Engineer: 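This is the structure I have questions about; it appears just below.
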Amino acid sequence: MPEISLPKTYDFSAVEERIYAWWEKSGFFKPSNDPNKPGFDPSRKPFVISIPPPNVTGELHLGHAMFVSMEDLMIRYHRMKGVPTLWVPGTDHAGIATQLQVEKMLAREGLTRDQIGREEFVRRAWEWKNKYGGIITRQIRRLGASCDWERERFTLDEGLSKAVREAFVRLYEKGMIYRGPRMINWSPGLRTAVSDLEVEYSQEQGTLYYFKYMLADGSGEYIPVATTRPETILGDSAVAVHPEDERYQRFIGKKVIVPILGREIPVIADPYVDRSFGSGGLKVTPAHDPNDYQLGQRHGLEFISIMDEAARINQNGGPYAGMDRFECRKKIWADMEAAGLTIKTEPYMMSVPRSQRGGEPIEPMISTQWFVRIQSMAEAALEAVRDGRIKIIPERFVKVYYNWLENIQDWCISRQLWWGHRIPVWYCGDCGEMTVSRVDPTRCAHCGSPRIEQDPDVLDTWFSSGLWPFSTLGWPDPTPDLAYFYPTSVLETGYDILFFWVTRMIMMGLEFTGQVPFHTVYLHGLIRDEHGQKMSKSKGNVVDPLEVMNQMGTDALRFTLLVGSTPGNDVNLSLKKVEANRNFANKLWNIGRFVLGALEQAPDTPLREPIWTLPDSWIWARLQDLVRQVDRLFNAYQYGEAGRQIYEFIWGDFADWYVEIAKQQLAEGGDRAFWTAYTLTRVLDMSLRLLHPFTPFVTEELWGYLKQACMAKSIAFSPRGGWEEALMVAHFPEPREPEEWEAQTLEDFALVQEIIRGIRNLRTEKKVPPSRRIPAVIVCGERLDVLKAQAAVVAHLAVLDPAQLIFEHTLEEKPNPAISLVVAGVELYLPLAGLVDRDEERARLEKELAEAQGQIERLEKLLNSSFAEKAPPAVVEKERQKLAVWQETAARLKGQLEALL
RNA sequence: GGGCGGAUAGCUCAGUCGGUUAGAGCGCAUCUCUUACAAAGAUGAGGUCGCAGGUUCGAGUCCUGUUCCGCCCA
């Protein structure tokens with residue numbers, strides 16, 4: 001037999017990399033039923049997840065750690081259940097983020113992207129991608145991710161670019177894509193349009209400026225107007241008042257003069273104007289405010305753009321041309337003050353739109369961009385959730401989903417960037433028509449002219465990630481993968497990208513494949529620090545998952561994230577918790593060491609059929625119950641609770657009780673030792689299987705040793721069906737109906753536990769030295785047989801002297817002097833001469849009795865109330881039994897008290 | 001303005017068919033290096049489950065209102 005000697009402490013650093021490499025090399029990450037291989041069975045339903053693709057040049061953060069842990073858990077669970085399982089990995093080109101990184105690199109060389117030109121820039125970006133693109137996927141492997149790396153995709157690779165082309169052209173041909181000047185959100189820092197979602201509004205202290213819009217008739221009268229952005233006066237094309245506002249009704253239809261510029265603009269009436277805001281007069285700047293834009297359209301006003309792409313004032317700003325928008329704000333106000341046009345200023349809390357990426361104020365501007373007509377797609381996406389084809393977990397996000405899709409605006413998909421999928425549209429220099437094509441054209445489709453030029457813009461990154469669940473499987477080509485693995489099963493991601501990504505995948509999935517891209521959306525929460533604060537570099541509370549893994553191991557981090565979370569709720573991560581879970585891995589490791597040692601001690605084969613002890617049966621019943629719970633919880637997506645229960649079983653039941661008892665049973669030798677070792681190995685094996693999806697490394701490593709030791713020992717220690725090649729491809733325990741004996745076993749053992757705890761408690765209270773074996777008398781009544789059979793267990797765990805441990809049905813004469821106690825109707829006497837203080841004992845017993853009587857009173861009252869008639873009989877019966885036990889306890893306590901006199 | 005979430009032990013959180021004196025980890029106190037584990041073991045202290053109503057035989061759990069904190073949308 002090979003000598004197996006495991007280190008005393010689990011050394012994850014010596015395990016993780018080796019195990020992962022072995023898994024990958026063995027092909028365990030690949031689907032068990034591959035449509036591209038012989039013997040494929042199309043009737044078996046697969047379980048599929050497409051990874052939320054991280055930024056290709058990004059670095060691992062806790063958000064990644066969260067989704068990888070969660071998805072790997074689901075994947076490993078299904079794989080172990082025998083379901084053909086595929087997890088498609090990949091990365092996203094992340095247009096803006098990556099472009100900014102490349103620009104930063106250029107800046108270090110003193111270059112800008114304009115200096116080197118588009119072609120060179122894109123070349124550099126690819127270079128960057130090739131250099132740093134592997135980092136994030138290596139880090140994801142580090143987390144134990146069991147994805148099929150041979151199917152890894154990148155949004156800018158050839159196949160996915162083809163998918164993007166196809167999608168764009170199809171939408172265009174259906175008339176669902178259009179180009180035109182619209183009001184969009186412009187990021188002056190990035191010099192590109194951004195979508196509504198990429199704008200964040202922050203409440204900031206600003207100023208409300210009141211000034212005079214002088215009438216053009218020379219009367220000297222004016223309309224007082226208030227604005228937070230005086231520079232936009234330059235683009236004003238009307239002043240609006242409420243039609244019923246008595247203060248200004250007489251001005252409607254007249255002209256007023258734009259300050260400084262001297263342009264004449266009309267006074268219009270519109271009920272949109274809020275009479276109570278400011279002075280009640282509203283300046284209208286249709287080209288630089290979304291609300292004014294609509295007013296402008298309603299009233300046919302002039303749209304005057306006053307800023308360029310850097311948000312500097314353009315030639316329409318007269319004397320202010322060339323100035324920065326905020327500089328202009330100061331200057332124009334100063335000039336107006338000098339001209340006597342100002343009234344007053346006051347502090348004002350305003351909502352400032354800021355770029356989600358760069359942070360600078362977004363400028364609403366009119367710009368020619370490409371848009372997707374979203375209405376019909378949004379309706380289809382709504383329907384898919386309404387009719388249950390897609391389920392969202394937790395359910396409360398359904399409402400958020402509805403609300404967003406019901407109020408959706410057309411999606412601006414063009415970006416003025418260089419890194420991304422270039423818009424497949426060519427403009428003809430001769431006829432001016434557009435050619436939209438799946439393959440790059442050389443001539444205009446309308447006039448045949450070769451003088452065509454491609455649109456310089458690229459598509460929003462989310463346009464390509466919206467295709468992800470099917471583009472990664474080969475769409476638009478009808479590949480075997482697409483046919484078998486699509487639709488995917490679960491889309492798992494953080495709730496913060498529900499709108500950005502999830503809704504778009506659903507819309508595009510339905511549009512292009514006619515099917516929902518997944519049947520379930522599982523949303524996890526955001527990771528915060530241990531006090532619920534958002535992690536940020538400026539606060540200095542950022543936790544680096546790599547560092548955590550270096551210090552405590554991957555399993556500890558994974559278990560913390562998985563068990564510390566409930567669906568959709570944020571997770572406060574503390575290193576203390578990770579540490580506790582590292583300790584758990586170590587605990588498991590040491591249970592393993594013990595079991596392996598036990599196996600060595602035990603005989604190779606039994607002589608006869610097993611005679612199970614109560615603890616043997618108990619741990620088995622507990623395990624069966626655990627398997628049922630885990631099954632139920634997994635089906636309900638209650639992964640955290642499942643993990644907690646497994647943890648409690650392993651530590652609280654298996655290690656704390658069964659392992660301790662097993663030591664004694666092993667010492668008996670013979671068949672008892674054999675069947676104990678057998679139980680230990682079976683329970684450990686099952687525990688490792690249950691735990692594996694949470695903490696894959698330590699379980700796999702330990703299971704390997706267990707398997708090796710069991711196989712070396714004898715065939716008798718094999719699980720049903722034999723040992724699989726690896727734990728990660730071993731069968732997950734299946735629940736079975738509870739058997740007759742289980743409930744009684746659990747009850748009996750619970751009584752044993754109570755007795756042991758009762759004695760331990762008294763020992764501590766009386767300061768009996770922990771190692772001193774003391775005598776005890778246990779008066780059991782009806783339970784005599786059950787308890788007597790556990791004498792050795794009680795003696796062992798309560799540190800009693802077996803020779804002086806007496807079990808009685810009833811007792812004529814109480815031991816005296818003795819410390820006594822009643823536990824669940826069972827009397828305990830610890831004859832400890834010298835430790836018994838009568839007064840003290842009396843006080844203690846009276847306290848116990850008072851407690852028992854309180855319980856009796858409470859239960860009698862309860863059972864005499866309508867509870868007895870209205871509650872289910874089983875519930876009532878349970879309370880009746882409790883009452884009986886308390887009554888017996890009280891009676892025996894009274895007897896003990898009398899004996900003390 | 002609309003919507004959602006949270007409020008449970010000193011801290012961080014579980015508690016998803018409502019079942020009758022509420023659980024975990026960490027922290028705290030006392031004791032123990034007992035040959036799986038001191039990253040451990042034993043024992044203990046600690047909570048009127050935000051507040052006010054209601055439904056029910058029974059509410060941390062369901063309903064209404066309310067306070068505070070956080071988030072999303074406009």
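Bear in mind the structure is a predicted one, so any value in this text is a computation, not a measurement. Chain identifiers are assigned alphabetically (A, B, ...) following the order of the sequence lines, protein sequences preceding nucleic acid strands; residue numbering begins at 1 within each chain.
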Engineer: What nucleotide, of G15(B), C73(B), U43(B), holds the atom closest to the side chain of Phe499(A)?
Structural biologist: C73(B)

Engineer: Taking pairing as Watson-Crick or G-U wobble with both contacts under 3.5 Å, can you name the mate of C57(B), or confirm there isn't one?
Structural biologist: G19(B)

Engineer: Looking at the side chain of Pro770(A), which of C73(B), G70(B), C31(B) is the nearest nucleotide?
Structural biologist: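 My answer, after comparing the listed nucleotides, is C31(B).
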
Engineer: Please pick, from G5(B), A36(B), C26(B), the nucleotide with the shortest atom-to-atom distance to any side-chain atom of Lys576(A).
Structural biologist: C26(B)

Engineer: Of the options A14(B), A42(B), C57(B), whose atoms approach the side-chain atoms of Asp656(A) most closely?
Structural biologist: A42(B)

Engineer: Of the nucleotides A38(B), G41(B), U16(B), which one has an atom closest to the side chain of Pro567(A)?
Structural biologist: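 Between A38(B), G41(B), U16(B), the one nearest the side chain of Pro567(A) would be U16(B).
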
Engineer: Which one, G19(B), A36(B), A39(B), comes nearest to the side chain of Asn583(A)?
Structural biologist: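 Comparing G19(B), A36(B), A39(B) against the side chain of Asn583(A), the answer is A39(B).
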
Engineer: Expressed as a whole number of Å, how far does the P atom of U21(B) sit from that of C49(B)?
Structural biologist: 14 Å

Engineer: Using the P atom as the point on both nucleotides, what is the distance between A24(B) and A9(B), in whole Å?
Structural biologist: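 These two P atoms come out 14 Å apart once rounded.
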
Engineer: Taking the side chain from Asp570(A) and the backbone from Gly525(A), do they hold a donor-acceptor pair closer than 3.5 Å?
Structural biologist: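 No; zero donor-acceptor contacts below 3.5 Å.
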
Engineer: Side chains of Glu198(A) and Ser195(A): do they bring a donor and an acceptor to under 3.5 Å?
Structural biologist: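 Result is yes, a qualifying pair exists.
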
Engineer: Check every atom of U21(B), A42(B), G3(B) against the side chain of Arg858(A) and return the nucleotide holding the closest atom.
Structural biologist: U21(B)

Engineer: I'd like to know if the side chain of Arg760(A) reaches the main chain of Leu797(A), judged simply by a donor and an acceptor atom lying under 3.5 Å from each other, with no hydrogens or angles considered.
Structural biologist: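 Indeed, once roles are kept as given, a pair shorter than 3.5 Å links the two residues.
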
Engineer: What is the base-pairing partner of C28(B), counting Watson-Crick and G-U wobble geometry with both distances under 3.5 Å?
Structural biologist: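 In the structure as shown, C28(B) has G44(B) as its Watson-Crick or wobble partner.
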
Engineer: Phosphate oxygens OP1/OP2 of C4(B): is one of them under 4.0 Å from a side-chain N or O of Lys399(A)?
Structural biologist: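 Yes, within the criterion.
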
Engineer: Which whole number of Å gives the distance between the P atom of G25(B) and that of C62(B)?
Structural biologist: 26 Å

Engineer: With a 4.0 Å cut-off, would you call Arg628(A) and Asp631(A) a salt bridge?
Structural biologist: no

Engineer: Looking at Lys766(A) and Glu840(A), is any side-chain nitrogen of the basic one under 4.0 Å from a carboxylate oxygen of the acidic one?
Structural biologist: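 Salt bridge flag = yes for Lys766(A) with Glu840(A).
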
Engineer: Using atom P in both nucleotides, what's the gap between C33(B) and A42(B) to the nearest angstrom?
Structural biologist: 16 Å

Engineer: Could you work out the separation of C31(B) and A38(B) based on their C1' atoms and round it to a whole Å?
Structural biologist: 14 Å

Engineer: Taking the same atom, C1', in C26(B) and in C68(B), what whole-Å distance lies between them?
Structural biologist: 27 Å

Engineer: Taking the side chain of Arg396(A) as its heavy atoms from C-beta onward, which of U21(B), C73(B), G5(B) lies nearest to it?
Structural biologist: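 Looking only at side-chain atoms, Arg396(A) lies closest to G5(B).
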
Engineer: Name the residue closer to the 5' end of RNA chain B, choosing between Ile756(A) and Gly592(A) according to the nucleotide with the nearest heavy atom.
Structural biologist: Gly592(A)

Engineer: Which nucleotide, G19(B), A36(B), A39(B), lies nearest any side-chain atom of Val875(A)?
Structural biologist: G19(B)

Engineer: Give a yes/no answer on whether the side chain of Lys8(A) brings an N or O atom under 4.0 Å of OP1 or OP2 in A40(B).
Structural biologist: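 Answer is no, no contact under 4.0 Å.
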
Engineer: In terms of the nearest nucleotide of RNA chain B, which residue is placed more toward the 5' end: Leu197(A) or Arg644(A)?
Structural biologist: Arg644(A)

Engineer: Please determine whether a side-chain nitrogen or oxygen atom of Lys663(A) lies at a distance below 4.0 Å from atom OP1 or OP2 of A36(B).
Structural biologist: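 The answer is yes; a side-chain N or O of Lys663(A) sits under 4.0 Å from OP1 or OP2.
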
Engineer: Nearest of C57(B), U21(B), U16(B) to any side-chain atom of Ser866(A)?
Structural biologist: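 Among the listed nucleotides, the one closest to the side chain of Ser866(A) is C57(B).
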
Engineer: Verify whether one side chain among Tyr272(A) and Asp292(A) offers a donor that lies under 3.5 Å from an acceptor in the other.
Structural biologist: no

Engineer: When the P atoms of C63(B) and A7(B) are compared, how many Å lie between them, rounded to an integer?
Structural biologist: 15 Å

Engineer: Which value, in whole Å, describes the distance between the P atoms of nucleotides C71(B) and U32(B)?
Structural biologist: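 Going atom to atom, P in each nucleotide, I get 50 Å.
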
Engineer: Mind calculating the distance between CZ (Arg757(A)) and P (G41(B)) to the nearest angstrom?
Structural biologist: 14 Å

Engineer: Does the structure show a Watson-Crick or G-U wobble partner for C68(B), both distances under 3.5 Å? Name it, or say none.
Structural biologist: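 The answer is G6(B), by the H-bond criterion.
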
